[in-house]
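Only one structure is covered here, and it is reproduced in the block below.
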There are 2 protein chains.
Amino acid sequence: MDGSASSPTGQSPWMPFESRRRARDEKREAVLRTAVALFLDQGYHGTTLNHVAERLNITKPALYNYFRSKDEILYECWAIGAERVDERIDEIAAAGGTGLQKLRKLIIGYAEMMTTDYGKSLVRFDVRDLTEHNRKIVRLAKKNIDRAFRDYIGQGIRDGSIRPCDVKLSAFAIAGALNWIGHWYMPNGALEAEAIAGEFAIRLTEGLAVKSTRKKAGKPPVGKCKSRGVSR
Amino acid sequence: MDGSASSPTGQSPWMPFESRRRARDEKREAVLRTAVALFLDQGYHGTTLNHVAERLNITKPALYNYFRSKDEILYECWAIGAERVDERIDEIAAAGGTGLQKLRKLIIGYAEMMTTDYGKSLVRFDVRDLTEHNRKIVRLAKKNIDRAFRDYIGQGIRDGSIRPCDVKLSAFAIAGALNWIGHWYMPNGALEAEAIAGEFAIRLTEGLAVKSTRKKAGKPPVGKCKSRGVSR
DNA sequence: TTCGTATATTACCCATCGGTAATAAAAAGT
DNA sequence: ACTTTTTATTACCGATGGGTAATATACGAA
């Protein structure tokens with residue numbers, strides 16, 4: 001709230017040796033932001049708690065004021081991503097529409113998530129690094145996400161907006177293509193997050209949709225979205 | 001060759017306390033088979049060399065007769081998978097055909113690889129666990145695989161078998177869907193490897209192909225391949 | 001000031017695990 | 001039989017890194 005440290009992006013609330021009075025939650029979040037970035041960059045096992053602490057201008061034991069263990073930090077990073085995905089699914093479910101419309105919204109929302117750190121953590125962190133308890137929660141949440149894809153595809157088949165196909169495999173294929181974004185996407189790269197999401201929504205569904213959204217006029221169909229200056 | 005130990009799958013050539021006279025290469029391979037299975041099952045960092053040795057009825061230092069380090073074992077597992085993929089790519093390139101035909105062959109071959117241990121290692125192992133030297137080799141090989149996808153798509157667009165699209169993103173989408181198989185496929189599960197490969201070849205290209213391979217006759221198009229008894 | 005609480009630091013513990021040294025026991029060569 | 005080479009074993013080292021104990025410092029309240 002105060003402007004003592006006005007650095008651009010996700011900075012440490014602990015200033016080198018002065019006013020370190022921030023709300024507890026802000027600090028917790030700062031730990032998670034730093035941790036998730038390092039985990040993604042160096043890998044979970046390649047990141048020590050000293051690294052995390054150092055980047056925050058504190059020492060390792062200070063982290064234990066906010067988290068009980070390293071794997072708890074990992075889990076909470078993961079949980080934030082899951083929570084955000086769930087929110088999007090809820091919004092989509094509430095908005096209504098055909099199965100295909102919902103599926104496209106889910107593809108766009110999920111693809112955009114995959115370009116964020118917390119989104120990436122959903123697919124790049126290894127569940128085996130979690131405690132048995134947290135692992136169960138993670139698996140359950142993943143199952144729910146998978147079910148959303150299957151539900152929308154199944155619904156689309158029933159309402160006629162999606163052509164009959166193997167629901168399970170189609171959901172796997174789409175989710176796989178999207179999850180993989182979390183492995184290759186780099187911010188400030190050639191591709192914009194929204195452009196990717198839009199293109200994927202078209203590309204992944206045109207094989208499923210009964211009729212293309214594009215008018216079957218003159219030239220062959222091409223994705224509609226905004227700036228798409230790739231390939232030639 | 002001899003039948004002293006005729007166990008079904010990838011067994012240890014080191015028998016508990018008796019005739020341990022096998023060729024060196026066979027033992028090397030046995031180490032890799034065991035290692036890759038354990039790495040996939042428990043994770044690289046969750047697997048100790050003692051685990052690997054124990055399962056082979058030997059002790060840890062014996063492994064160092066065949067490999068210089070743990071990460072060398074990881075790398076060699078990876079290299080076997082890469083080699084097999086490259087072979088398939090070479091076969092496909094040699095066989096000729098339209099871009100779409102080549103792409104479908106690549107999808108099928110790559111999908112089948114993703115259902116094997118060495119194939120999974122291509123996408124589930126973390127390159128950061130390798131030495132700088134090996135990491136470069138891995139990255140280069142991955143680039144080559146990606147290039148094959150892009151080449152076939154680009155070629156298909158040029159020869160008219162694939163509709164114009166963003167080559168880069170389409171390749172990412174297809175490769176992502178396929179790579180993800182390495183994360184969810186379980187042998188002896190409900191899905192057969194060949195069935196998955198065939199379905200993916202259809203599902204991932206029907207959005208790209210100018211005209212469906214299926215005759216647009218009576219009932220809606222459904223994958224052609226062999227036994228495909230999933231969904232209803 | 002003084003107490004209580006929250007938060008940070010320094011110093012340390014210790015289990016794990018990759019890797020090595022010294023050596024024993026087979027296999028292979030002569 | 002004998003030496004040599006290969007391959008295995010037992011015993012150990014040493015770095016790494018998660019986690020803890022004891023303690024110091026800052027903050028809010030009275």
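Just so we're on the same page: letters track the sequence lines, and every chain starts at 1.
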For residues 132-141 of chain A, tabulate all N or O donor-acceptor pairs below 3.5 Å that involve a side-chain atom, not counting sequence neighbours.
| from | atom 1 | to | atom 2 | distance (Å) |
| --- | --- | --- | --- | --- |
| A:E132 | OE1 | A:R135 | NH2 | 3.1 |
| A:R135 | NH2 | A:L130 | O | 3.4 |

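Whole-Å rounding puts the B:I73 CD1 to C:dC17 P distance at 15 Å. Put simply, CD on B:E26 is 13 Å from P on D:dT7, counting in whole angstrom units. Computed from coordinates, the B:R28 CZ to D:dT7 C1' distance equals 15 Å when rounded to whole Å. The distance from atom CD1 of A:I58 to atom P of D:dA26 is 17 Å, rounded to the nearest whole Å. Distance B:N50 CG to D:dT10 P: 12 Å, rounded to the nearest Å. D:dT7 atom P lies 18 Å from atom CG of B:N57, rounded to whole Å. A:L56 has its CG atom 10 Å from the P atom of C:dA8, to the nearest Å. The CG-P distance, from B:D129 to C:dG18, rounds to 11 Å in whole Å.
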Can you check nucleotides 19-21 of chain C for protein contacts, nitrogen or oxygen pairs under 3.5 Å, and list what you find?
| from | atom 1 | to | atom 2 | distance (Å) |
| --- | --- | --- | --- | --- |
| C:dG19 | OP2 | B:Y64 | OH | 2.9 |
| C:dG19 | OP2 | B:K70 | N | 2.8 |
| C:dG19 | O5' | B:Y64 | OH | 3.3 |
| C:dG19 | N7 | B:K60 | NZ | 2.9 |
| C:dG19 | O6 | B:K60 | NZ | 2.6 |

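Taking 4.0 angstrom as the limit, B:R24 places none of its side-chain polar atoms (N or O) nearer than this to OP1 or OP2 of D:dT6. Contact between the side-chain N/O atoms of B:N65 and the OP1/OP2 oxygens of D:dA8 is found at a separation under 4.0 Å. Look at A:T59 and you'll find a side-chain N or O under 4.0 angstrom from OP1 or OP2 of C:dT9. A close approach under 4.0 Å does not occur between any side-chain nitrogen or oxygen of A:K27 and OP1 or OP2 of C:dT7. Taking 4.0 angstrom as the limit, B:Y66 places a side-chain polar atom (N or O) nearer than this to OP1 or OP2 of D:dA8.
A:T48 comes within contact range of the sugar-phosphate backbone alone, with a heavy-atom separation under 4.0 Å but no base atom that close.
For B:D146 and B:R150, the salt-bridge test passes: some basic side-chain N is under 4.0 Å from an acidic carboxylate O.
For A:N144, the side-chain contact (heavy atoms from CB on, under 4.5 Å) criterion is met by A:R147, not counting sequence neighbours. The side-chain contact (heavy atoms from CB on, under 4.5 Å) search around A:N65 returns none, not counting sequence neighbours.
Applying the side-chain hydrogen bond (donor to acceptor under 3.5 Å, both in side chains) definition to pairs two or more places apart or across chains, those involving residues 69-79 of chain A are A:R28-A:E76, A:S69-A:D71. The salt bridge (charged side-chain N to carboxylate O under 4.0 Å, His left out) contacts involving residues 78-93 of chain A comprise A:R88-A:E112, where partners must be two or more places apart or lie in separate chains.
Counted within 6.0 Å of CD on A:E54, heavy atoms from surrounding residues, nucleotides or ligands total 12 or fewer; the atom is thus considered open.
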